[in-house]
Amino acid sequence: MKIFLATMEKICVFSIPIYFGLHDTILSLFNVDKNNIFLCYIDIFLLIILFIALIYEACIQYRIFKYKKLLKLVKAYRSFLSGYFDDELKEVSINLTYTENERLTLYLYSSSQNAFYSIGRYSKSPKYNQIGRYIIDDTKEYVFAVVNEEKHYEKAEPIKDKWFNKRNMLSNDMYGVYIEDKGIKIGIIIAQSMKQKKFKNKEERQKLKNEAIRLQEKILQMKINPNALPSETDLMEKGL
């Protein structure tokens, strides 16, 4: 639906001004009376459509502007934290005896933005260490299922194909454990594997939960508030 609306908006913004620019030429070509009341209604209708399309375009551009600004802050924030948490995830990977087939990613969850920010990632395989998306705000994605649906936390429910879209690592299985602060979910650690049904094993899931508790303690000690990203001024003062 969003793609359809965006396409129609582009068509309207492009074509309607052309129509009015060639208005007299078109009327002469088809021998239409300028004072035709029906034509006036059409022109008024097209002007209303153009006005709505321009407002829609302005809203889209504003959302893009806000997203780019947020992305800039998140990237800088991650660069400030990632070195520490990349090392922590490396330790988790070693403790869980993960191989090149696995990857760990740590996200903070901002309830104010209703989005997840990646602040750490580790895999023994260098190609799986790249960060493709710094922000995940699509509520249909797996990270949201982990914090919102208990069945995904307790039983490692089958992974839906749509959850693999836009991923560098086309894993065959994954499992997430949320991180809490006084009962409020503030983050999540996601383990992905190329092995099928790796996290169907309850013991495997429990090991990851135990490591998540250790990470949770470190995050709480650092007093990280995922709802309070630093401002651009704060980051500039820190040289970021």
Side-chain angles (χ1 to χ4, degrees), residues 70-138 141-147 152-153 163-164 166-171 173-181 184-194 198-199 204-230 234-235 238-240:
L70 177 62
L71 180 60
K72 181 180 178 181
L73 291 175
V74 170
K75 282 184 175 181
Y77 191 49
R78 186 186 185 284
S79 70
F80 183 65
L81 295 173
S82 63
Y84 176 79
F85 285 113
D86 286 350
D87 290 341
E88 288 295 321
L89 291 177
K90 180 179 180 179
E91 185 176 339
V92 171
S93 180
I94 292 171
N95 293 344
L96 297 175
T97 64
Y98 282 178
T99 67
E100 289 82 0
N101 292 316
E102 281 77 45
R103 178 172 76 182
L104 292 163
T105 307
L106 179 62
Y107 297 94
L108 287 182
Y109 172 65
S110 169
S111 57
S112 62
Q113 297 285 343
N114 196 28
F116 287 85
Y117 310 135
S118 167
I119 62 167
R121 170 165 286 175
Y122 178 76
S123 172
K124 282 189 176 181
S125 174
K127 67 179 180 179
Y128 295 149
N129 275 325
Q130 298 178 4
I131 297 291
R133 295 176 298 162
Y134 289 84
I135 302 170
I136 298 179
D137 55 4
D138 184 350
E141 294 224 22
Y142 178 68
V143 287
F144 283 92
V146 173
V147 297
H152 291 288
Y153 183 74
W163 283 332
F164 293 114
K166 302 178 183 178
R167 298 186 181 277
N168 292 328
M169 183 179 183
L170 298 176
S171 50
D173 198 14
M174 61 177 139
Y175 181 65
V177 180
Y178 52 73
I179 293 169
E180 295 179 300
D181 180 10
I184 300 174
K185 294 165 185 173
I186 62 168
I188 186 172
I189 178 171
I190 296 288
Q192 294 172 263
S193 178
M194 297 303 292
K198 177 176 177 63
F199 302 111
E204 194 74 40
R205 299 198 302 273
Q206 188 58 50
K207 287 180 181 178
L208 182 60
K209 288 180 181 180
N210 294 340
E211 291 295 328
I213 292 173
R214 188 176 64 81
L215 271 178
Q216 175 177 293
E217 291 173 353
K218 290 182 178 293
I219 291 174
L220 296 183
Q221 287 173 3
M222 295 173 72
K223 297 181 179 179
I224 296 175
N225 182 357
N227 289 314
L229 282 174
D234 294 334
L235 294 170
K238 292 181 172 64
L240 298 172

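To the nearest 0.5 angstrom, L215 atom CG is 7.0 Å from F85 atom CZ. The structure places CG of L106 at 4.0 Å from CD1 of I119, a figure rounded to the nearest 0.5 Å. Expressed to the nearest 0.5 Å, how far CG of D137 lies from CG of N114 amounts to 8.0 Å. Taking CZ from R205 and OH from Y175, the interatomic distance works out to 5.5 Å, rounded to the nearest 0.5 Å. Atom-to-atom distance recorded for I179:CD1 and I219:CD1 is 4.0 Å, nearest 0.5 angstrom. Here M194 contributes atom CE and Y128 contributes atom OH; the two are 4.0 Å apart, rounded to the nearest 0.5 Å.
Between A191 and L208 the shortest heavy-atom distance is CB-CD2, 3.7 Å. Residues D86 and G120 come closest through the heavy atom pair OD1-CA, 3.3 Å. Of all the heavy atoms in V146 and Y178, the pair that sits closest is O-CD2, 3.8 Å. When all heavy atoms of I190 and G176 are compared, the pair lying nearest together is CD1-CA, 3.6 Å. In this structure, A115 and I135 approach most closely via the heavy-atom pair CB-CG2, 4.0 Å.
Ring geometry for Y109 versus F116: interplanar angle of 30 to 60°, hence tilted.
In this structure, D181 has no side chain to side chain donor-acceptor pair (under 3.5 Å) partners at least two apart in sequence or on a different chain. Evaluation of the side chain to side chain contact (heavy atoms under 4.5 Å, CB included) rule for T99 yields N101, E102 as partners, not counting sequence neighbours. Residues passing the side chain to side chain donor-acceptor pair (under 3.5 Å) test with Q206, sequence neighbours excluded: N210. Take K198 and apply the salt bridge (Lys or Arg N to Asp or Glu O under 4.0 Å) test, not counting sequence neighbours, and it matches E204. Listed by chain and number, the residues in a side chain to side chain contact (heavy atoms under 4.5 Å, CB included) with N95 are E91, E211, R214 (sequence neighbours excluded). Residues passing the ring pair (Phe, Tyr, Trp, His ring centres under 6.0 Å) test with Y98, sequence neighbours excluded: none.
Residues Y107 and R121 meet the side-chain proximity criterion, which asks for heavy atoms closer than 4.5 Å.
Of the possible donor and acceptor atoms, none in the side chain of Y122 sits under 3.5 Å from a partner among the backbone N and O of V92.
The neighbour count for K90 NZ, taken as heavy atoms of other residues, nucleotides or ligands under 6.0 Å away, does not exceed 12.
Looking at S93, S125, S123, S193 one by one, the single match for side-chain contact (heavy atoms from CB on, under 4.5 Å) with R103 turns out to be S123.
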